[in-house]
Amino acid sequence: MLLLRRHLFALLILAAIMIAEGFYAAKQNVDFYKEHIPFFDSSSYTKQLAIIISGTRRLGFASGIRQSLSGNVALPFLEATLIAKFVKPSRVMGVWLQDVWLTALALSLYWYFAHYRKMDRWLAILLALPFVSFARIYDWNGGLQDFRMDLSLYIFTSLTAVWYLGTYETESRLPWLLAGVSAMLACVARATAPIYLVLMIGPLLLVRLLTASGKRKSILVNSLWMLLPVGISAAAFLVYNFKFLYFYYVTWNPDANRHLPWSQSSMHFKLARSHVGDMLIWCALAAVAINILCIRKLVRPDWKPIWLAAIVPFFLAYRGAGLNPFVSMPAVCGFLLFACVPFEGIQPAARFLWARAAIGLLLTGGAIFCLTQPPLSGANTTSMPGVRALIDRATQDARSQGFRRIELIEPELGDCNSFAITNILIFEYGAVPIFDKALRVPGGLTYHFPEELTFSAPDELFWKIRVPGDSNEERLRNVVNLMDAEEPVYLLLPDEKTLQWLERSRSFNFINGQTRELMTQLLASNKWVSLGEPVTTAVNEKIEVFAPHSSQ
């Protein structure tokens, strides 16, 4: 307790910085969605938050827990279940669900530097900042102001790594247990985490066992304590949902199963570099150079952070994984750790006040520079007012006809898609998720995207699984036959220029190669009539609303 009190002021300062960062990200989130529509992944995750909260309020905590455990991500939805009775769903909730754990990472790093590595408390604060303020943190798509699970994967794998590295500096069992708890949270936050953790921590532990002298038994016992939380909780989640996870990551996952040649997959190293940001990289290398300049006696480089930085992009490149720009983010922690503590034991720079100050200011300056730069994904060209105009056009027609429920069909996958529209109905129109994935807005009108996953199939395997038929022509006819619904169906269809853009620039989404024929067959039936000129929903997209012919 006395030890904690000695560091309490520094920990409070760091926590205050993280709270401020959370408010900054929350404001960025609110400002962004005034003008732009949600990204594909965050549309799904924030929508799921609303579904979990709505289901928990109606059906109780047991329902919320079951729903939380039904996908490839559980932790944020379990947290949402716990607070469902007290808060309303919002996109900003996603910011705070991430920021609380990012704060835990910052505090853990401070403790590692100040307590385990014996650094000055003020320097420890400065060294912790780059880990929570690198370039990718401020990405519109995938950063703290967004809500997708790649950032959570970075946070929890980094927490695991930091506490595991702490076990080299003390005989206490506490860091072993905290490493295990962090690994458990990583697995529950992202089902791919076990692969990352085995690659990152497994070889370090194996080398440690092989080189230990008289301590193997102690290391094995502590390792079992570290694995205990993972075995009890994370493994339970993985086993509970094994069938879905196996399909998602092994049978279907297009990125994991891309098998790119090395000439292309080596781009994962460049993507890993982009997470950090060029300025912060130069600041980090300068910090390493200062430590080298301060060497006065033989010191040993610490290879463990180098392994943590290199193994993730190397594995992704070796595996030929698709060039998802976010999946190599866990490499950031190892790189920054090497910049802060490149040598074993006390750092050479610790002997000189000027060196400590220079390293702290360099890394903090790099972190602040990342904060001041434009978001990593660049300008967003989507239009929230445009999509709202699209929704309003269909809504006004439906209400004028006295419809209480309408079906919406959008057979394509661009920036404006059914997932984004559903998300906007929830968070801009106050729609509440009800049964069969339908949404009910205040006033009673219910919206539903029937066969949503069919009309937005990202790849051919998904299309074949969901659509019956022996040929693609037969499958197209079967999809069109799905329109024989009892409820009125509204079509949201791209214009010709948008269709060409989808076929040219978004051809990696399988459904976009089927959209033209689907539109031809749907409109040939003369069941629908246009409600006006196409609406601009993004720089490259215009969408036209078609109402059921009987409503005119």
Side-chain angles (χ1 to χ4, degrees), residues 18-71 73-103 140 143-149 151-152 188-189 384-385 387-388 391-392 395 404-405 408 418-449 452:
M18 295 309 303
I19 292 171
E21 185 175 18
F23 276 109
Y24 172 77
K27 182 181 184 303
Q28 294 289 90
N29 179 284
V30 172
D31 290 346
F32 180 84
Y33 288 115
K34 288 178 182 177
E35 299 296 330
H36 307 292
I37 67 176
F39 297 98
F40 183 82
D41 281 47
S42 51
S43 288
S44 175
Y45 289 128
T46 50
K47 171 188 170 183
Q48 187 65 10
L49 282 178
I51 291 173
I52 294 291
I53 290 175
S54 175
T56 301
R57 286 181 170 181
R58 287 186 291 109
L59 304 173
F61 285 107
S63 172
I65 292 172
R66 284 194 299 271
Q67 284 184 298
S68 299
L69 297 175
S70 63
V73 172
L75 181 62
F77 305 126
L78 291 171
E79 294 173 291
T81 298
L82 292 176
I83 60 176
K85 301 290 186 180
F86 313 104
V87 299
K88 292 182 178 180
S90 69
R91 294 194 189 99
V92 170
M93 180 186 293
V95 173
W96 292 109
L97 288 176
Q98 295 174 106
D99 189 64
V100 66
W101 295 113
L102 199 61
T103 301
W140 287 123
L144 181 58
Q145 56 226 24
D146 189 26
F147 185 53
R148 54 183 297 158
M149 297 304 109
L151 179 58
S152 293
V188 178
M384 175 66 80
V387 178
R388 295 194 66 165
I391 295 171
D392 292 342
T395 298
R404 304 296 295 172
R405 176 185 171 106
L408 297 169
S418 61
F419 302 98
I421 292 173
T422 298
N423 191 278
I424 291 167
L425 283 168
I426 293 172
F427 295 108
E428 270 66 42
Y429 289 80
V432 177
I434 55 176
F435 59 91
D436 74 351
K437 298 183 179 181
L439 302 169
R440 181 171 295 153
V441 299
L445 187 61
T446 298
Y447 302 82
H448 182 236
F449 279 93
E452 183 177 24

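Residue numbers count from 1 along this sequence.
Across all their heavy atoms, L75 and A189 have their closest contact at CB-CA, 3.8 Å. A25 approaches V95 most closely through the heavy-atom pair CB-CG1, 3.7 Å. The two residues F427 and A50 make their nearest non-hydrogen contact at CZ-CB, 4.3 Å. Taking all atoms of both residues into account, the shortest heavy-atom contact from S54 to P433 is OG-O, 3.1 Å. In plain terms, the two heavy atoms of F61 and K85 that are nearest each other are CZ-CG, 3.9 Å. Across every non-hydrogen atom of A431 and V441, the tightest pair is CB-CG1, 3.6 Å.
Here the side chains of L102 and E21 are in contact, with some heavy-atom distance below 4.5 Å. The shortest side-chain heavy-atom distance between E452 and K437 does not fall under the 4.5 Å cut-off. Counting only heavy atoms from C-beta outward, the side chains of L49 and F147 approach each other to under 4.5 Å. In this structure the side chain of I421 never reaches within 4.5 angstrom of the side chain of Y447, judged on heavy atoms. Within the 4.5 Å cutoff, the side chain of I53 has no heavy atoms near those of the K88 side chain. The closest side-chain heavy-atom distance from F32 to R91 is not below 4.5 Å. Within the 4.5 Å cutoff, no side-chain heavy atoms of Y24 are placed close to those of L144. Proximity of I424 to P38: side-chain heavy atoms (C-beta onward) are separated by under 4.5 Å at one or more points.
Judged by distance alone, the side chains of Y45 and N423 never bring a donor and an acceptor atom under 3.5 Å apart.
Atom CZ of residue F39 and atom OG1 of residue T46 lie 12.0 Å apart, to the nearest 0.5 angstrom. The CZ atom of R440 sits 9.5 Å away from the CG atom of L445 when rounded to the nearest 0.5 Å. S44 OG to Q48 CD: the interatomic distance, rounded to the nearest 0.5 Å, is 6.5 Å. L439 contributes atom CG, which lies 7.5 Å from atom CD1 of I51 (distance to the nearest 0.5 angstrom). Considering OG of S43 and CD1 of I37, their distance stands at 7.0 Å, rounded to 0.5 Å. To the nearest 0.5 Å, atoms CD (Q98) and CD (Q145) are separated by 10.0 Å.
The salt bridge (charged side-chain N to carboxylate O under 4.0 Å, His left out) check on D31 picks up K27, K34, with sequence neighbours excluded. Every residue meeting the salt bridge (charged side-chain N to carboxylate O under 4.0 Å, His left out) condition with D41, not counting sequence neighbours, appears here in chain and number order: R148. E35 pairs by the salt bridge (charged side-chain N to carboxylate O under 4.0 Å, His left out) definition with nothing, not counting sequence neighbours.
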* Checking side chain to side chain contact (heavy atoms under 4.5 Å, CB included) for the pair W140/D146: CA distance, chi angles, key distance, verdict? -> CA-CA 6 Å; W140 287 123; D146 189 26; over 6 Å; no
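The closest donor-acceptor contact from the side chain of S68 to the backbone of F77 lies under 3.5 Å.
Ring planes of F40 and F419: perpendicular class, angle over 60° (limits at 30 and 60°).
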